[in-house]
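First comes the structure, then the notes that go with it.
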2 protein chains.
Amino acid sequence: MPTVETASRVLTDKSARTQERIRAAAAQVLTERGMATARLGDIAAAAGVQAPAIYYYYASREELIEDVIRQGQIGTETRVTQALDELDEQTPALDKICVAVEAHLRALHELSDYTTAAVRNVGQMPTEMRARMQADQRRYGRVWKRLFEQARDQGELREGLDLRAAQLLVIGALNWTPEWWADSSVPLDTLIATACDLTRRGLAADPRS
Amino acid sequence: MPTVETASRVLTDKSARTQERIRAAAAQVLTERGMATARLGDIAAAAGVQAPAIYYYYASREELIEDVIRQGQIGTETRVTQALDELDEQTPALDKICVAVEAHLRALHELSDYTTAAVRNVGQMPTEMRARMQADQRRYGRVWKRLFEQARDQGELREGLDLRAAQLLVIGALNWTPEWWADSSVPLDTLIATACDLTRRGLAADPRS
DNA sequence: GTCTATATCTTGATAGAC
DNA sequence: GTCTATCAAGATATAGAC
């Protein structure tokens with residue numbers, strides 16, 4: 001019998017599918033309503049089960065939410081690093097940053113609710129959860145940090161630019177898009193193009209780049 | 001006896017002060033913990049009263065939270081519009097945008113917890129609250145919209161730039177700063193300078209501007 | 001105006017049948 | 001594995017004293 005290994009349990013195929021349904025439902029509810037008002041009953045209803053069924057897979061509501069947010073973070077990071085890995089080694093760093101911007105936005109708006117659930121709830125996490133998640137966040141942050149440092153070292157950035165501030169402002173612009181994009185009439189490709197454009201021109205040393 | 005008029009009640013000075021204490025405590029707790037985990041008891045403790053005292057001023061927890069978020073939104077808008085009003089009429093639109101960026105960031109990080117509480121919880125509001133708040137949000141959005149339109153009409157923006165996407169990306173970059181700035185070692189002035197710089201260069205038609 | 005005491009309600013979580 | 005039924009905890013909200 002094919003099995004899937006998770007944190008603390010060996011699950012059959014059917015079981016794994018049900019867990020995935022619950023997790024996906026949680027991601028959807030967390031995206032729409034936020035951690036504040038996402039009740040276990042809402043998640044269960046969206047998954048088509050009764051609330052107690054969730055406890056077969058998760059020890060607590062918190063554990064479920066943490067799993068969703070982690071999936072979202074990892075999903076974003078995976079998508080971005082894969083996109084970067086496909087690039088030629090000597091791609092200019094500013095081009096790499098644009099690729100990262102596009103991949104991050106596509107992860108948020110194309111991939112699934114997990115990524116959106118993650119960014120929309122990461123600031124609401126209780127402190128212990130935040131602590132457990134820190135390693136993942138830092139690792140993803142370093143991906144961007146490296147891009148910015150490469151850009152600087154290759155002379156593609158404007159002199160005197162504060163790297164950390166610039167990096168977090170760019171990521172912030174992307175992470176805030178779930179707050180408005182779905183309600184806007186802006187096509188995803190336009191959003192991506194505008195974000196790449198603002199980023200590139202905002203950072204570049206060479207005015208014509 | 002001097003009085004202050006609020007939504008549905010005439011309050012004495014002392015009463016008004018207590019309400020302000022409760023509101024400020026709520027702003028602080030909402031900023032630190034978020035709507036999800038902000039209990040009424042926490043707010044009361046931070047205000048130095050017992051939980052039931054809150055019901056003398058607010059009919060419900062929701063009403064209190066809504067008041068805090070509204071104060072924060074209005075505070076930001078006021079600060080930004082005042083800063084803009086102080087400018088000379090024929091200030092270049094891109095300079096106006098920079099002034100707005102600075103005022104928005106200072107409102108978030110200097111003014112009080114209200115503004116931070118607002119941006120950090122605006123996405124977690126229940127739907128009815130969101131509906132009631134929409135008018136305020138739209139009005140503030142129009143302030144920015146007008147700036148961007150001025151910039152475009154005066155030929156200061158790059159051709160083909162999607163105004164709506166650009167505007168919301170810029171605001172998003174600012175609104176996301178509460179998620180990281182306090183933990184960073186970036187001085188506020190550096191944050192502001194970087195944000196102005198990225199925005200200006202990102203938007204400008206003239207590379208040397 | 002604010003407190004103590006308490007009622008009420010919601011919801012996360014468990015027990016146990018199937 | 002998932003359900004029905006129920007518990008326990010914690011929060012909002014109210015009553016009434018002061």
Side-chain angles (χ1 to χ4, degrees), chain A residues 1-4 6-26 29-30 33-68 121 124-126 128-129, chain B residues 1-26 29-30 32-68 121 124-126 128-129:
Chain A
M1 184 195 299
T3 59
V4 163
T6 66
S8 57
R9 196 192 301 272
V10 177
L11 300 171
T12 65
D13 265 8
K14 180 192 175 196
S15 188
R17 277 198 306 273
T18 304
Q19 182 175 25
E20 177 50 34
R21 234 174 52 230
I22 290 171
R23 197 160 41 193
V29 174
L30 282 174
R33 290 211 259 282
M35 198 183 303
T37 49
R39 285 165 305 192
L40 212 50
D42 300 331
I43 296 171
V49 298
Q50 295 297 316
I54 293 175
Y55 288 90
Y56 181 76
Y57 302 95
Y58 294 97
S60 69
R61 173 181 182 267
E62 269 212 353
E63 202 179 275
L64 167 58
I65 291 178
E66 183 169 337
D67 190 25
V68 169
N121 291 284
Q124 309 280 323
M125 291 189 295
E128 320 82 46
M129 198 189 291
Chain B
M1 184 196 299
T3 59
V4 163
E5 190 70 52
T6 65
S8 57
R9 197 191 302 271
V10 176
L11 300 171
T12 64
D13 264 8
K14 180 191 176 196
S15 187
R17 277 198 306 273
T18 304
Q19 181 175 25
E20 177 51 33
R21 236 173 51 230
I22 290 171
R23 198 158 42 191
V29 175
L30 281 175
E32 290 170 359
R33 289 210 260 281
M35 197 183 303
T37 49
R39 284 167 306 192
L40 212 49
D42 299 331
I43 296 171
V49 298
Q50 297 296 316
I54 294 176
Y55 288 90
Y56 180 75
Y57 302 95
Y58 294 97
S60 69
R61 173 182 183 267
E62 269 212 353
E63 202 178 274
L64 167 58
I65 291 178
E66 183 169 336
D67 191 24
V68 169
N121 291 285
Q124 310 279 324
M125 291 189 295
E128 320 80 47
M129 198 189 290

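Chain letters run A, B, ... following the sequence lines, proteins first and then strands; every chain starts at 1. These numbers were taken from a predicted model, which means no experiment stands behind them.
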Inset, instruction - Scan residues 47-63 of chain B for pairs that pass salt bridge (Lys or Arg N to Asp or Glu O under 4.0 Å), counting only residues two or more places apart or in two chains. - result: none
Inset, instruction - Look at Arg23(A) together with Glu20(A) and state whether they make a salt bridge at an N to O cut-off of under 4.0 Å. - result: yes
Inset, instruction - Answer with yes or no whether the side chains of Gln19(B) and Tyr56(B) bring together a donor and an acceptor at under 3.5 Å. - result: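 Not at all, the side chains of Tyr56(B) and Gln19(B) share no donor-acceptor pair under 3.5 Å.
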Inset, instruction - Go through the structure and list residues passing side chain to side chain contact (heavy atoms under 4.5 Å, CB included) with Ala51(A), not counting sequence neighbours. - result: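 With neighbours one apart ignored, the set is Ala44(A).
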Without decimals, in angstroms, what is the distance between [X] [atom1] and [N] [atom2]?
X	N	atom1	atom2	result
Ile54(B)	dT2(C)	CD1	C1'	12 Å
Ile43(A)	dT11(C)	CD1	C1'	12 Å
Asp42(A)	dT10(C)	CG	P	13 Å
Tyr58(B)	dG1(C)	OH	P	15 Å
Gln50(B)	dT2(C)	CD	C1'	9 Å

Legend entry - Presence of Tyr57(B) side-chain N/O under 4.0 Å of dT2(C) phosphate oxygens OP1/OP2: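 Affirmative; the distance criterion is met.
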Legend entry - Under 4.0 angstrom between Tyr56(A) side-chain N/O and dG1(D) OP1 or OP2: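 So the side-chain polar atoms of Tyr56(A) do come within 4.0 Å of the phosphate oxygens OP1 or OP2 of dG1(D), strictly under.
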Inset, instruction - Starting at CG of Leu40(B), measure out to CD of Gln50(B) and round the result to the nearest 0.5 Å. - result: 11.5 Å
Legend entry - Protein-to-nucleotide contact annotation, 5' to 3' order, nucleotides 11-18 of chain D [B base; S sugar-phosphate only; - none; under 4.0 Å, heavy atom]: SSBB----
Inset, instruction - Kindly determine whether Met125(A) and Met35(A) satisfy side-chain contact (heavy atoms from CB on, under 4.5 Å), including the steps that lead there. - result: CA-CA 8 Å; Met125(A) 291 189 295; Met35(A) 198 183 303; 4.2 Å; yes
